[in-house]
Amino acid sequence: MNRPWLTTSLIGVIAAMGGIGVHHEARVELERGLSRFQATLPPGATFTYSSAHPAILARGAVLTDVILQNGNQTFRASKMHVGHPQSTPDGGLVISSLDIRDPSVQTPSLIMHADALSFRKLVTPPPEAGSTNLTTINLDHVALAHGRVDHLTIQNIARAQSASTPQIYNVTSDKVSIDGYGPTTTTTLSLTNTTAIVGRTIIKPGQPPRPFSAQLSLQTFRLKQASLPEIIGALQNGTPTPLNTPPAESFSADGFQISAPVGNFRIDRMTGSGKQLSGIASSQFLMSGLHVRVPGKMLPMTIDGAHSSVRITQHNNPQTGEANSNWQLAIPSFANVTLDLHLTLPAQEKDKIVQRTSQQILNGSTLSSLAISVQGDRFINGLSRLTSNTKLDDAGLASAKQRNVQVVSMLLAPFPNLGAVPDFLSDPKGRTLTLSYAPASPLPLGALGAVAARSTSILQLINPNDLKAVVQ
């Protein structure tokens, strides 16, 4: 969210606190600098503080009870300590240290508060060409050696554009830290005990609107990413991230959980790594320890969630648009599922960054092929138990299984190449079923939107001869 006035005005305050030497006139210089800053404020804006003291050894200053306000935008802090701010030859600003106690920002759309904020070696860019004042801070041009926020709280008080639009209501984090942020460096971002509350209103015809909310939480998160300022800058400006952005070098997360009235989902640990060689981006992800709990319901069979995992491997060539991914779900002694997906995304023009919206990327992408493999007798034989609303004995299970196979046989009648599916479902015998789809002409992904909207049948898009089933 871009709030240029508050951000640039705080930089102005810091600049006003600079230039303090080691001599008896330091306090006078500080007061003069703050007075000059106050004189530059727009009509109606105010800047107040209880006390201002030079920090001689740090060549900076300390302000208490700071309030910076302009209309409905307000910044507050109980204490600001700035160490050795100095201008760069091109008109930028280098701040050796910045420590703020109880910082808060309030705007018509949100309220942010933290117990403490600290920066080390913060570098802000110079004003744009032709301007003598800094009018906005482009976050992709900022550099920071180290930053830390303690006990951050963000409240979203803006109204959603529509009742059914998902909205983030609240975000909290015990600690946020960032190291090595800059246009030419690899940045490390860490979060500790982070929680977000999200929600939306579910609207169904003939039923009253029903609010729905869920809590997302993470115990720890750590990301190592090159070109992070480029990604942040795209978010700040509301533009898509360039397709040639390199993948994360590494990331890890512990204790990810989604809690909602309908149930809880938890992943014990997530790890990943990525690299970019010869223009091809490759990444690997591993999610281990998968747990699902539904209040008042028990699965009719035992599943080892603690040792279950999902492994994802992806390769993407921005120059050709070729994107391949492999997904593997492994549940010990229950099921193994593999998905191979081959897409063609909009190609990135050489030496040219093209910004595209998500919808433009979807409309310009095609599906070349996909294959799904399923193996696991307990899973296949237990499908009838999972889909039944009543507890089944052995005879009831056999009857339900036979009915399900008959239904599948009827549904697949228009697809002669899928004749092996009913036989596999009736008795898997340790075999693996592979369903593949390889259209003669790549399928536009944008056309699937019509299927989701139920204005087009999937049978109108898929040639039955392009579907195959193999059991082995």
Side-chain angles (χ1 to χ4, degrees), residues 1-20 26-56 58-87 93-120 122 124 127 132-137 139 142 144 147-158 170-173 175-176 236:
M1 299 178 185
N2 190 7
R3 294 173 189 80
W5 186 85
L6 274 180
T7 306
T8 55
S9 293
L10 285 174
I11 297 299
V13 172
I14 294 168
M17 297 164 70
I20 299 173
R27 181 183 294 274
V28 175
E29 290 185 3
L30 173 60
E31 294 290 351
R32 286 175 179 171
L34 294 174
S35 296
R36 285 193 299 269
F37 167 73
Q38 286 176 316
T40 66
L41 293 175
T46 59
F47 170 63
T48 61
Y49 54 92
S50 294
S51 63
H53 304 285
I56 301 298
R59 293 182 177 269
V62 177
L63 298 184
T64 60
D65 300 326
V66 178
I67 301 176
L68 179 61
Q69 187 172 22
N70 184 15
N72 51 23
Q73 302 180 69
T74 304
F75 167 81
R76 298 174 185 270
S78 64
K79 185 178 181 180
M80 286 181 61
H81 186 177
V82 179
H84 203 186
Q86 55 184 335
S87 299
L93 185 65
V94 178
I95 304 163
S96 176
S97 64
L98 173 62
D99 296 287
I100 304 177
R101 297 291 301 178
D102 299 316
S104 68
V105 173
Q106 182 168 352
T107 74
S109 60
L110 62 79
I111 300 173
M112 293 190 295
H113 178 267
D115 285 356
L117 169 68
S118 64
F119 291 148
R120 295 295 178 267
L122 171 64
T124 64
T132 57
N133 295 317
L134 191 62
T135 57
T136 187
I137 297 291
L139 297 180
V142 171
L144 176 66
R148 171 171 170 162
V149 184
D150 293 329
H151 297 102
L152 173 67
T153 300
I154 303 175
Q155 291 178 277
N156 183 3
I157 57 178
N170 181 276
V171 177
T172 62
S173 185
K175 184 175 75 171
V176 180
Q236 180 188 21

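- With S96 as the partner, the side chain to side chain contact (heavy atoms under 4.5 Å, CB included) test is satisfied by one option alone out of Q86, R120, H84: H84.
- At distances below 3.5 Å, not a single donor-acceptor pair connects side-chain atoms of S109 with backbone N or O atoms of A158.
- Scanning all heavy atoms of the two residues, the minimum distance from T46 to L41 falls at C-CD1, 3.9 Å.
- The two residues F47 and Q38 have their closest heavy-atom pair at O-NE2, 2.8 Å.
- Here D99 does not pair with R101 in a salt bridge; the nearest charged N to carboxylate O distance is not below 4.0 Å.
- Within the model, atoms CG of L98 and CG of L117 stand 6.0 Å from one another, a figure rounded to the nearest 0.5 Å.
- Rounding to the nearest 0.5 Å places CD1 of I111 at 4.0 Å from CD of Q106.
- Of all heavy-atom pairs spanning F119 and G147, the tightest one is CD2-CA, 3.8 Å.
- Here the side chains of D102 and R76 are not in contact, with every heavy-atom distance at 4.5 Å or above.
- When each of L144, V94, L93 is paired with T124, the side chain to side chain contact (heavy atoms under 4.5 Å, CB included) condition holds for L93 and for no other.
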* Would L34 and L63 satisfy side-chain contact (heavy atoms from CB on, under 4.5 Å), going step by step from the backbone distance to the final call? -> CA-CA 10 Å; L34 294 174; L63 298 184; 3.8 Å; yes
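- Side-chain contact, T107 with Q73: no donor N or O sits under 3.5 Å from an acceptor N or O.
- Across P108 and I157, no two heavy atoms sit closer than the pair O-CG1, 3.5 Å.
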